[in-house]
Structures are given as C-alpha cells and as structure tokens.
Amino acid sequence: MTSPRVNLLDFDADQMAAYVAGLNEKPFRAKQLMQWIHQRGVSDINDMSDLAKSFRATLLDKAQVLSLPVIKDEHAADGTRKWLLDVGAGNAVESVFIPEDDRGTLCISSQAGCAVNCRFCSTGHQGFSRNLTAGEIIGQLWFAEHLLRTDPNAVRRIEKYPTPGWEHTGRVISNVVLMGMGEPLLNYDNVVTALRLMLDDRAYGLSRRRVTVSTSGVVPMIDRLAQDCPVALAVSLHAPNDKLRDQLVPLNQKYPLRELLAACERYLPFAPRDFLTFEYCMLDGVNDSDIQAKELVRLLANIKCKINLIPFNPFPESGLKRSPAQRVHAFASILLDAGMVATVRKTRGDDIAAACGQLAGDVVDRTRVRERAVHDKQINLDQDDDVDSLDDEEIEQEYQPEHSVQWLKRLDD
Ligand code: SAH
Ligand code: SF4
C-alpha cells in the first residue's frame, strides 16, 4: 500500500529542511522548494525546473502542493473579493481580500466553524466542525496572492508596494488578519506554523506589524504566542464587564476580564507595536450605552491600546441589531474625550456578505441542520416577543447594563 503524499504547504522552513534532509537531499533544496511554492506560486513539481530530475521524481511520488478547492469566487462593488473554500464533509470556510489605497489585506480562516459560540457571530452559530491544517491556513494566502497577481486591477496595485525579495513579481497582499472563521488560538500549533511562513523571508516576508491574530481571549495561548511568534494582537472584547461578556463571549466564563487584561499586559512588551487592539462589536441596546462607554474607559485606563468599534453585521439568526450610527459616534466620543484611541471600522464587501462575522460558509454539515433550525427558531421568537415590541420606556431601559444581560439571557433558552 502506498502512503498518502505529504502536503508541502504544511511545512514551515525548519520543517521543510527536516523533510528534505530525510530524503537525503542538500539543505539548499529546501530553500529552493520554499521559493518555488510560496514566492512563485508554483504547485506542479514538474515545473520546478532547477530541481534535479531525480529529486523531482521522488517528490512527485511522495509530496504535493495542495490548497483548498474553491467553491465560489465573489467580487464586491468596492473591490472586496471573497472565496468560499471546500474543507470536505460538506463544510466550507471563507477568505476575504480587502483592497485599500495603502494596503491589500487578506482575512483568513483558522477553523471550520467555531466552538466559542459568541452570540453575535454567524460562525459561532454554525458550531465547530474541525481545525484547519497549517497547509490549509497558509494555503489561503498562497492561493489568494498568486491568483490576484493575474487580476489586472490587483496587479496595478503591485507597483505601488515593492517588497524586498519580491521585485521579480511584486506582491498584492501586504497585510494578513486572522479574523475569518474560527478562533486561531484554539488551533494553536497549526496557526503558529502558518504565521511563521507569513513572516519568513524565504516565504512571504511580511512584517510582524502587518500580521494580526484576533482572539476572543484564550489566555494561556496569548502567553505562548508572545514567546513563539509575537505578531500584532487584537482582542475581541465586546463588553466592559464580566456579567455582559459572559453572555456575549462565553469563553469569558473560563478566562474572565481580569485574567484576560493581565495576559494583554504581559503580551505588550513582545508586541510589534507599543499598543494592542481591542475589538468591540456595537450591538444596539446591548453594549452601546454611555454608561458602558465610561465603564470601558475605566477598564482599559492602564493598558496601551486602540479600540476598534465594529458596527454589528446582522444575520437573521442572531436576534440582534446594529447600533445606530449616532449611538456609535456618541460611544466613540466618550472614549476619545477620555483620551483613548478609538476608530470605527468601515464595513466592506457588504453586498457579498464579506464583512466581519458574516463569514459562515454556504456549505454546512447536514447532520446538524435540523438541530440548528430549531435553535434559530427559538431566537427569532424571542426577538419578536421581546425586542420588536419594546415601548419607549423599555427602550430607555435597554441602555442599562443590567437590562442587556437579562435580555441576552432570554436568548440562551
Ligand atoms: N475568533 C476570533 C477571530 C475571528 S472573529 C475572534 O473572535 O476574535 C473576527 C472579529 O469579527 C472578532 O472581533 C469578532 O468579534 C467580530 N465579529 C464576529 N461576528 C461579528 C458580527 N456579526 N458583526 C461584526 N463583527 C463580528
Ligand atoms: Fe468564534 Fe470569533 Fe465568532 Fe466568537 S467571534 S464565535 S471566537 S469566530
């Protein structure tokens, strides 16, 4: 019986060197392989012309370069592009390319689904299917970078951003954020292998400042990341106190705010910039009151940070609403007046559901569809009963932190 071929996308530089040594080849062959695969985007081993024929024959027998098959490729009016990728067993993940004047950002997924189950996230509502392999994570960058080089609009951007080592081809993607589907720090080893490839000059050579891991707060893994691969860190906060955060981000029950913020402070000396980012998804009547803004100011007073306010991207099953624009601005003003750095995230690719938290994959594990449908119906009923029929007095109360907790508790049924 022949053993399955290894996926060369699974190896960081050290692992590639070990693999090549195991085939009794010279170390420089590993470097050549890295360049062919990651810098030139070649997947066919036959096309790696400066490798000895005998080595190519061995590789053809034992190895392959395999990224996730593309199910759908969508273009938004604002230039955002979204790919739906097949991860097998009827499941799919997504990656999104967001072009801007001064950068090209790729948002990638780390897991199929997510076990954290945040109330406002459509990936969370989907449940967890499986971790992506290192090759499936880096494969999203490999695929997007090399595909976009054939896109006339993207290629026009290349000349603006020459990168040392990439002069022969230029690059389209300058920034990577792990803000797609999944909790990256719950797939730690594979994510770190992929991060190492992003930073490695023999592969993508991205700056640590331009690679961001976003986490819902897996405290022990924040400490490990500081040691293993300290890239930029974004922490999904979404609430100024444990009572509300326990409801919105269930992982808070395991790693409450005091422990999370202590981990953030320990990370700071290793971070590529002298601040961390906190993400705060603005949910109408849940976490967006003046009182909560002031509570947030007190909570973050001693930590160097930037707060990124994300307008909630609604999806039907959530039973939640986006905060009105004037509420987001009022909330931001309180932070700014207190001397904090706060920004409001622009939503991109709305017409192709490519914004934060809208990434759910169109293909789901069929064995769980019925279970989900029942769950979703309960939430919608709760919403009809309790939210749409609020009178003025209740709307006033909605801005009290206590009330939002009660309201979210009802969604728990
Ligand atoms: N699991 C990681 C990374 C993926 S989620 C994390 O939670 O940080 C990336 C970001 O999108 C997080 O800040 C998350 O809170 C936010 N997000 C999730 N659902 C959203 C929604 N429906 N609208 C706006 N932002 C959302
Ligand atoms: Fe998972 Fe992040 Fe979505 Fe929470 S917000 S369910 S951690 S992907």
Side-chain angles (χ1 to χ4, degrees), residues 93-96 98 105-132 137 140 176-188 191 194-195 211-219 221-222 225 231-239 244-255 260 263-264 267 276-284 286-288 305-323 328 343-350 353-361 372 379 411:
V93 298
E94 289 170 326
S95 12
V96 179
I98 306 146
T105 301
L106 186 72
C107 174
I108 63 176
S109 296
S110 56
Q111 300 181 311
C114 181
V116 179
N117 196 16
C118 298
R119 295 243 67 108
F120 49 84
C121 173
S122 64
T123 305
H125 274 259
Q126 206 186 41
F128 176 70
S129 176
R130 70 168 176 88
N131 281 331
L132 299 191
I137 299 169
Q140 295 169 62
V176 176
V177 294
L178 277 93
M179 293 185 186
M181 296 170 71
E183 168 47 58
L185 297 187
L186 290 179
N187 183 14
Y188 186 80
V191 162
L195 290 175
V211 175
T212 303
V213 166
S214 174
T215 181
S216 54
V218 191
V219 164
M221 297 303 162
I222 292 177
L225 192 68
V231 293
L233 187 68
V235 175
S236 294
L237 203 60
H238 310 307
L244 181 57
R245 195 164 190 270
D246 279 351
Q247 299 293 316
L248 292 175
V249 184
L251 192 66
N252 196 66
Q253 293 161 24
K254 190 160 185 196
Y255 304 115
L260 176 58
C264 290
Y267 194 86
L276 301 182
T277 303
F278 289 105
E279 293 158 287
Y280 196 101
C281 180
M282 299 294 290
L283 302 164
D284 185 21
V286 174
N287 65 356
D288 63 351
C305 64
K306 190 177 105 180
I307 302 165
N308 201 345
L309 302 176
I310 313 172
F312 170 58
N313 292 307
F315 58 100
E317 301 86 351
S318 72
L320 298 163
K321 290 185 192 153
R322 178 184 286 191
S323 303
V328 177
T343 52
V344 179
R345 184 178 293 172
K346 286 178 279 180
T347 58
R348 297 289 305 264
D350 266 353
C356 289
Q358 289 181 320
L359 307 184
R372 260 196 307 275
I379 289 174
L411 295 183

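Atoms within each ligand, like the ligands themselves, are counted from 1 in listed order. These numbers come from the heavy atoms of this one structure, side chains and all, not from hydrogens, waters or symmetry mates. It should be emphasised that the depicted structure is a prediction, and the values quoted were computed from it without experimental measurement.
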Inset, instruction - Decide yes or no on side-chain contact (heavy atoms from CB on, under 4.5 Å) for L178 and L195, but give the supporting numbers first. - result: CA-CA 10 Å; L178 277 93; L195 290 175; 3.9 Å; yes
Inset, instruction - Report the part of L178 in contact with ligand 1, treating N, CA, C, O as backbone and CB onward as side chain, heavy atoms under 4.0 Å; options are side chain, backbone, both, neither. - result: backbone
Legend entry - Side chain, backbone, both or neither: E183 near ligand 1, heavy atoms under 4.0 Å: both
Legend entry - Close approach of G182 to ligand 2, heavy atoms, under 4.0 angstrom: yes
Inset, instruction - Any atoms of ligand 1 less than 4.0 Å from a non-hydrogen atom of C281? List them with their elements. - result: 23 (N), 24 (C), 25 (N)
For ligand 1, is there an atom lying under 4.0 Å from some heavy atom of [X]?
{"X": "M181", "value": "no"}
{"X": "T123", "value": "no"}
{"X": "C114", "value": "no"}

Legend entry - Nearest neighbour of atom 7 (S) of ligand 2 from the list G113, G180, S216, on a heavy-atom basis: S216
Inset, instruction - Run down the list S122, G124, S109, C114 and name the one with the heavy atom closest to atom 1 (Fe) of ligand 2. - result: C114
Legend entry - atom 1 (Fe) of ligand 2 reached by C121 (N, O or S, under 2.8 Å): no
Inset, instruction - Any atoms of ligand 2 less than 4.0 Å from a non-hydrogen atom of N117? List them with their elements. - result: 6 (S)
Inset, instruction - Report yes if G182 has an N/O atom closer than 3.5 Å to an N/O atom of ligand 1; otherwise report no. - result: yes
Inset, instruction - Report yes if some N/O of R345 lies less than 3.5 Å from some N/O of ligand 1; otherwise report no. - result: no
